[in-house]
Amino acid sequence: MFSLRSCYSSRKEWINISFVGRLAGISRSYVKASKKKAGQVIKTRRGKQLEAASQPKAFGFGNFSKLHAPKETLKEISENAIKNISSFESLRIFPSVRAAMIEEIKEKYDLKNTYVKGKSELEIKPSPIQVAAIKKINQPRLRNVNNVNKAPSNDIYKDIKMNNEAKRLKIFTIAAETGSGKTWAYLAPVLSKLKEDDLASYAISETEYQKEKNSQTIRCLILVPTHELVEQVYECVRRASTVPFDVSTELNEKQLKDPVLTSFLQREDQAESLNLNVAKWSAGDPHTRLFDMCKKRVDVLVTTPAKVQGLAKLNNVPRPFRYINQIEYCVIDEADTLMDSSWSASTLGVVRHMPRCKDLIFCSATIPREFNRTLQMVFPDKNSLIHVVTPSIHKIPKKIELKIIDAQLSPYNGSKTRCLAQALYAINKDGTEQGYVKRVIVFVNEKKDVEPLAETLIHRFGHRKEDIVGVTGSQDAEERAFKLESFLQPAQRIEDDPYNSKIRVLVTTDLLARGLNFTGVKNVILMDLPRTSVDLVHRVGRTGRMRQSGRVFIIIDKKTGKSWIKGLPKIVKRGIPLA
Ligand SMILES: Nc1ncnc2c1ncn2[C@@H]1O[C@H](COP(=O)(O)OP(=O)(O)OP(=O)(O)O)[C@@H](O)[C@H]1O
C-alpha cells in the first residue's frame, strides 16, 4: 500500500522531513517563533533571544517571488465590503441578470460530496470576489446628457463634465484565488450595464430602443488566452442568456413601483430570459464569420487577442476593425497571462482599437510584478485604475492538501515516472470518490514530454489506453475538446462511464492550467516544478475550486534542487501567500 511515509527510507528521515520548516532552510527556532504571537520573545537552544516574528509576510524563492503584493488597504476595503454582504439580493445587479446568474450557477453545480438532493434546494451566495467586484464595478454612471431629451443646461462646464464622466474610461483589476468565481464577478456587472443601457434607451422612447437594438455593433468583448476558455466562458454566458426565469420574483419593493422598469421587464424580449446575443469567434473561424455575426447587434463576443489582431492582416477588407471600434465594455480574463511579455503587445493592440470603451476589466488569479508595472505604465492616471483584490490573493486555498514526493528515495531511486505510477496506483486504491471515475491531472513543463509520458503509463505501467489522455497545443481544438470532455464535466459514476474506467489521467502542460474549470477533479500531480509561482498557482488551482477539497502531489528529484519546495505544504496550511 503506497503511503508517503514509504517515500522515506528511515524513521529518522521521516521525522526530519516532517519538520518541513527545517527543510525549507528555515531554522527550527524560526518555525517555533513563527508559531508564537508576534512580539513574544523566545529563547533559542543557544540562549539567543528571538522576538517571535509575526507570521512571515509571504513565501517565495528565486523565480517564485515575482508576484506583486497588493496594498493591505486594498484587501481591507474588500474585507469590509465582504463581511457586510451575504446574498446577491444586497448587491446592485440588474434583476434579470441576477436571476440568470443564479440559475446558471445552479445548473452547473456539482452536487457530488454535498448533502443537497436537488439543484432547486441550492442556496447560491456570492463569493468574496463577487461581492467586492460587483460593488466596485457596478456603480451607476452619469448618463450621457446628449442622449436625454433635455435642453442642455446653461452651465456648459457641467454638461461637458457630465459627458466626460459618462464616457470616461475606467480600468478595473479583479484579482482573487483560483476557483473563486471570478467569471461571474465580472459578468454580473458587465451584463447589468448592458441591461441598464437597454433600459435607458427604452426610457427615451420605443424608437430609440429599437434603433439601439438594431445597430450593427459589438457591445462587450471578453478576451481569453485559449480556445478552451473561449468555449467555457461562451457556454457560461450563453447558458445564462437562455436559462428561463421568472424575474418578478427578483424585483424588490422599490423596483416593483418603477413603471419604466416593470414595463421594460414585461416586454416579450425581456420577460422570460436575458435574451442577449452571445457570440464566440474561435479556432478556425474565418473573419467572414465575425462580420456575418455582426449583421445583428452582438451583446457579448468571446474570443482571443490573436483572433482580433488577425483583422489587421485583412488588406482587401475596408475598415476591418469597424465592429471592434464600437465596443464599450471589455474584459481581459486570465490577465496575468494575456499581459505577460509574450502576449501584452497583442492584448494591448486590441485595446487600442476600442476608442469608445468605458469599462476595461483585467481579471486574474495572480498579480505578477511585471503585470502591475505594465498597467501603471500604460494607464498612468491613478484615478482611472480601480483595484479589487480579495484578502486570500496569492494564497493556495487551505482545502487543497499539498504533498511533496521525493523520487530520490527508495523504491523510486530517482525515477519520477515510477513515482508517478505509484502515486496513481495509490490514488486508485485509496477509497476516495467511491463509485465515481477518479480523474487525475498530471502537469509537465514541456509539450514534448506529454505523449512519451502517456505512452509510458500505458506500455510500461499497464494503464489502459482509454484511461490516459495526452493534450497539447499541437492538437486541433476539436481533438482537445473531445479528450477534455470527461474532465470538464462532473465525475461520472463508474457504471455510467462509456469507457468503463475507474481512473482517468490527463497529461498536459500549462496550456490547460489557465482558468479551465475541471469540475470536481480531486487530484493534481506536478511531474515538473513549474517555472514561476504564477504557473504553480494556476496548476494547483485546477483542484480545490470554490471551497471544494483537493490534493496536489509535487514530485521532486535531485534535478529539482529547490529544497524550499518542501516547505510549501506547511505554508499552504498556514495560509501564507506566495510572494
Ligand atoms: N457564488 C457561487 N457559488 C457557488 N459556485 C459558484 C459561485 N460562483 C461561481 N461558482 C462556480 O465556481 C466554479 C469556479 O468559478 P470560476 O471558473 O469563475 O472560477 P475562477 O476564479 O475564474 O477560477 P480560475 O482562477 O481558475 O479561472 C464554477 O463552476 C462556477 O459555476
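It should be emphasised that the depicted structure is a prediction, and the values quoted were computed from it without experimental measurement. Both counts, for ligands and for their atoms, begin at 1 and track the order of listing.
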Residue part near ligand 1, for [X], under 4.0 Å between non-hydrogen atoms:
| X | value |
| --- | --- |
| T183 | both |
| Q130 | side chain |
| K182 | both |
| E334 | side chain |

Do any nitrogen or oxygen atoms of [X] lie less than 3.5 angstrom from nitrogen or oxygen atoms of ligand 1?
| X | result |
| --- | --- |
| I124 | no |
| S180 | yes |
| F88 | no |

Assess the side chains of [X] and [Y]: does a donor N or O sit below 3.5 Å from an acceptor N or O?
| X | Y | value |
| --- | --- | --- |
| N517 | R545 | yes |
| S486 | R504 | yes |
| K83 | N80 | yes |
| N275 | S273 | no |
| S344 | T347 | no |
| E177 | T390 | yes |

Shortest protein contact, [atom] (heavy atom only):
| atom | answer |
| --- | --- |
| atom 5 (N) of ligand 1 | M546 CG, 3.5 Å |
| atom 19 (O) of ligand 1 | G181 N, 3.3 Å |
| atom 17 (O) of ligand 1 | R545 NH2, 3.2 Å |

> Of D535, D333, D340, which meets salt bridge (charged side-chain N to carboxylate O under 4.0 Å, His left out) against R514?
Replying inline: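 Single salt bridge (charged side-chain N to carboxylate O under 4.0 Å, His left out) partner of R514 among D535, D333, D340: D535.
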
>> Testing K195, R219, R238 one by one against D299 for a salt bridge (charged side-chain N to carboxylate O under 4.0 Å, His left out), which residue passes?
In response: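 One option only clears the test, and that one is R219.
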
> Looking only at non-hydrogen atoms, which of N517, I129, L229 approaches atom 30 (C) of ligand 1 most closely?
Replying inline: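 The nearest heavy atom belongs to N517.
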
>> Please state which option from R542, K125, R239, Q548 has its nearest heavy atom closest to atom 3 (N) of ligand 1.
In response: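 It is K125 whose heavy atom sits nearest to atom 3 (N) of ligand 1.
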
> Out of V388, I82, V389, which residue meets the side-chain contact (heavy atoms from CB on, under 4.5 Å) rule with I129?
Replying inline: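 Exactly one pass, corresponding to V388.
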
> Which of the atoms in ligand 1, numbered in the order shown and given with their element, are less than 4.0 Å from a heavy-atom of G179?
Replying inline: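 Near G179, the atoms of ligand 1 are 19 (O), 20 (P), 21 (O), 23 (O), 24 (P), 25 (O), 26 (O).
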
> Against heavy atoms of A365, which atoms of ligand 1 measure under 4.0 Å?
Replying inline: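 Reading through ligand 1 atom by atom, the close ones are 25 (O).
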
>> Under the criterion side-chain contact (heavy atoms from CB on, under 4.5 Å), I'd like the reasoning laid out for V331 against L187: C-alpha separation, chi angles, the key distance, then a yes or no.
In response: CA-CA 9 Å; V331 179; L187 282 178; over 6 Å; no

> G541 near ligand 1, heavy-atom distance under 4.0 Å?
Replying inline: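 So G541 does not count as touching ligand 1.
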
